[in-house]
There are 2 protein chains.
Amino acid sequence: MSYQERKGILRFPKATFERLKLYHAFLSQIHAEGKIYVLSEDIAEMLRITPEQVRKDFSFLETKGKPKVGYVIKELLDELDELFGTGVDENIIIIGAGHLGSALVNYKGFKNIGVRVAAIFDNDPRKIGTMVGDLMVLPLKDLSRVIRRFKVKIAAICVPESAAQQVADLLVGHGIKALWNFSTRILDVPPNIIVQNEDITRGLLGVKHMLAESEKSSSIDAMKVNEG
Amino acid sequence: MSYQERKGILRFPKATFERLKLYHAFLSQIHAEGKIYVLSEDIAEMLRITPEQVRKDFSFLETKGKPKVGYVIKELLDELDELFGTGVDENIIIIGAGHLGSALVNYKGFKNIGVRVAAIFDNDPRKIGTMVGDLMVLPLKDLSRVIRRFKVKIAAICVPESAAQQVADLLVGHGIKALWNFSTRILDVPPNIIVQNEDITRGLLGVKHMLAESEKSSSIDAMKVNEG
DNA sequence: TAGATTGTTAATCGATTAACAATC
DNA sequence: TAGATTGTTAATCGATTAACAATC
C-alpha cells in the first residue's frame, strides 16, 4: 500500500506536517554530506526544537529508530520523499517575467521536490518572445493551450499587486487548481482553489518584530522561524 | 506609552501575531481602495478564517469596533503599523547578486514595511562593480564598513546552498543579528541569532500535498495557507 | 551490565470555537 | 424597537512537554 493510498487514513497534525518539511530539508543536507545515522538530538538542535518533538513527529511515520544509534537517514528521507511526492513531477507555470518571475525560472531547487517550470508568461509585448533562462516568454493568449498540454495545476503569480487579482481570476478561469502567490495582494478566489501566499514582506515583519523584542530583553528563545 | 514600551507586557499569542500580519496586508489593500469600515466577517472571508477568530485577535489590540458598523480601517491599520514598526526604517543588505538577489533589490514592497536595501554583495569579480537596480555590487571585503555605517542588523542570504553556511558564519562574525535565509540550507548559527527561513520550495511541497489530497476527496477546507 | 536513546502514554499548555451578553 | 454585530468568557480541541518503560 502506497502513501498515496494510506494518506486518507494516516493523517498528520498540521504542525507536524510543517516540521516534516524541515526534517526533509535537513535530512537531504546531511545525506548529501555522506552521513548515515542521525539522532533526534542532532535534528532538534539544528531546527531549534526539542528532541522529544522530533521523536513524536517521527512516531507518525513508519520509519523507526534504534536506541543509541538513531535513525537511518536514507530510510527517513525515502519515506518523506514518497510522502511529499518529490518523485512525481508537477508542471507549473509562471505569470510575470519581471525580476522575480525570472528568478523562479532559473531556480535550481525545483528538481529536488519534483517540480518543473513548463512556461513563463507576460502581457508586455517587449518581453514576449525574449528568453528567460531556457524558456521563451509567452503571451497570455497561449495560457489555455499550455495548461492543457502540460496538465498544469499550479501557477505562480509574479505580477505587480495591482494586476494580481485579475491574473488570479484568469488562471482560475482556465482551470488552475493552486495559486502560488508572490504578490502582496490577498487574493479572492473560490474556496476550492488552493492559495499559497509567498509574500516575503511578511517574513520580514516578523524579523523586525523579533529584533525589536531582543533589543529590550536579552533572554530570547524560539527565535528561529520557519516558513510553512 | 508607545507600543515599543508596552510590548513587554501586552503579548500576543504566536498564532495571533501571524494573523496580524495578514490583517495588515488586507487592511492596507482595502484602505488603498478607499474603504472606511470593515466587518470581521469581510476579513474572515478573504483570509479563510472565522469572524470569531478575527474578533478574538482584535481583542488583543486597542482598536475597538462598533456593532453593526465594524472597525475603522485606518484605526486598525495605524495600530498595526505602529506595532510592526513599519515607520521605522531598517537597513538590510543582500548577499548574492544572482537572480534572486537582484529581484530583492528591485522589490517594491519594502517601503511599505519600513525596510531599505542598503547594499548588495557578491564574491564574483565579474559581478562586482556592475549595477543592480540603483545599487553597485560590492565585494565582501566592504561588508564590515557597510554594516557599521548603515547599522545593518538584517542580511538576506541569496547564495547557492553550498555557500550559505559559510556566508552565515561570515555575517554573524560581522555582528549581523538576523539572517533572512533564501537558500534551502538549514543554517547552524548561535541561538541568539534570528533566522527566518524563506526557502520557497517548502511552500510548494505543501501545495503539492494539498493537491494530491484534493484529488481524492472533494470536500476540502482550510486550503489557503499563509506564510508566517 | 549500565547508560543512552527511542517510542508512547499521560499531563500540561495554548489556540480555536461556541455561546451569549452588550451595544449600536 | 428588532436585528446585526461586537467583545468576552467558557468549553473544546489540538499541540507540546513531561515522564518513563522498552531496548539497544
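A, B, ... follow the sequence lines: proteins, then strands. Residue 1 opens every chain.
Atom CG of Asp57(B) is separated from atom P of dT8(D) by 13 Å (rounded to the nearest Å). Distance Arg48(A) CZ to dT16(D) C1': 19 Å, rounded to the nearest Å. In this structure, CZ of Phe60(A) is placed 11 Å from P of dT8(C), rounded to the nearest angstrom. dT6(C) atom C1' lies 13 Å from atom CD of Glu41(A), rounded to whole Å. Atom CD1 in Ile49(A) sits about 15 Å away from atom P in dA15(D), given to the nearest Å. Distance CD (Gln53(B)) to C1' (dG7(D)): 14 Å, rounded to an integer number of Å. Taking atom CG on Leu61(B) and atom P on dG7(D), their separation rounds to 10 Å, with Å as the unit. Taking atom CG on Leu20(A) and atom P on dA15(D), their separation rounds to 12 Å, with Å as the unit.
The side chain of Ser40(B) contributes an N or O atom lying less than 4.0 Å from OP1 or OP2 of dT6(D). Between Tyr71(A) and the phosphate of dG7(C), there is a side-chain N or O to OP1/OP2 separation shorter than 4.0 Å. Distances shown here put every side-chain N or O of Arg19(B) at or beyond 4.0 Å from the OP1 or OP2 atom of dA15(C).
Considering CD of Gln166(A) and CG of Leu187(A), their distance stands at 12.5 Å, rounded to 0.5 Å.
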Taking Watson-Crick and G-U wobble pairs with both distances under 3.5 Å, convert DNA chain C into its dot-bracket string, 5' to 3', dots for unpaired and | for cross-strand pairs.
..||||||||||||||||||||||
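Side-chain contact between Tyr71(B) and Lys64(B): absent, with no pair of heavy atoms (C-beta onward) separated by less than 4.5 Å. Counting only heavy atoms from C-beta outward, the side chains of Ser40(A) and Ile43(A) never approach each other to under 4.5 Å.
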Dump the pairs, protein N or O against N or O of nucleotides 19-24 of chain D, anything under 3.5 Å, distances to one decimal.
none

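Between Ser59(B) and Ala15(A), the residue anchored nearer the 5' end of DNA chain D, judged by the nucleotide with its closest heavy atom, is Ser59(B).
Side chains of Thr184(B) and Asp199(B): no donor on one and acceptor on the other come within 3.5 Å. Side-chain N/O atoms of Ser183(A) and Glu161(A) include no donor and acceptor closer than 3.5 Å.
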Evaluate the criterion side-chain contact (heavy atoms from CB on, under 4.5 Å) for residue pair Leu179(B) and Gln196(B); output intermediate values, then yes/no.
CA-CA 6 Å; Leu179(B) 299 174; Gln196(B) 170 79 24; over 6 Å; no
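Taking Lys74(B) as the reference, Asp78(B) meet the salt bridge (charged side-chain N to carboxylate O under 4.0 Å, His left out) condition, with sequence neighbours excluded.
Using a 4.0 Å heavy-atom distance criterion, Lys56(A) is classed as a base contact.
Each of Phe84(A), Tyr23(A), Phe60(A) was evaluated against Phe17(A); a single residue qualifies, Phe84(A), per the ring-ring contact (aromatic ring centres under 6.0 Å, His included) test.
Counting non-hydrogen atoms of other residues, nucleotides and ligands closer than 6.0 Å to OH of Tyr37(A) gives a total of 12 or fewer.
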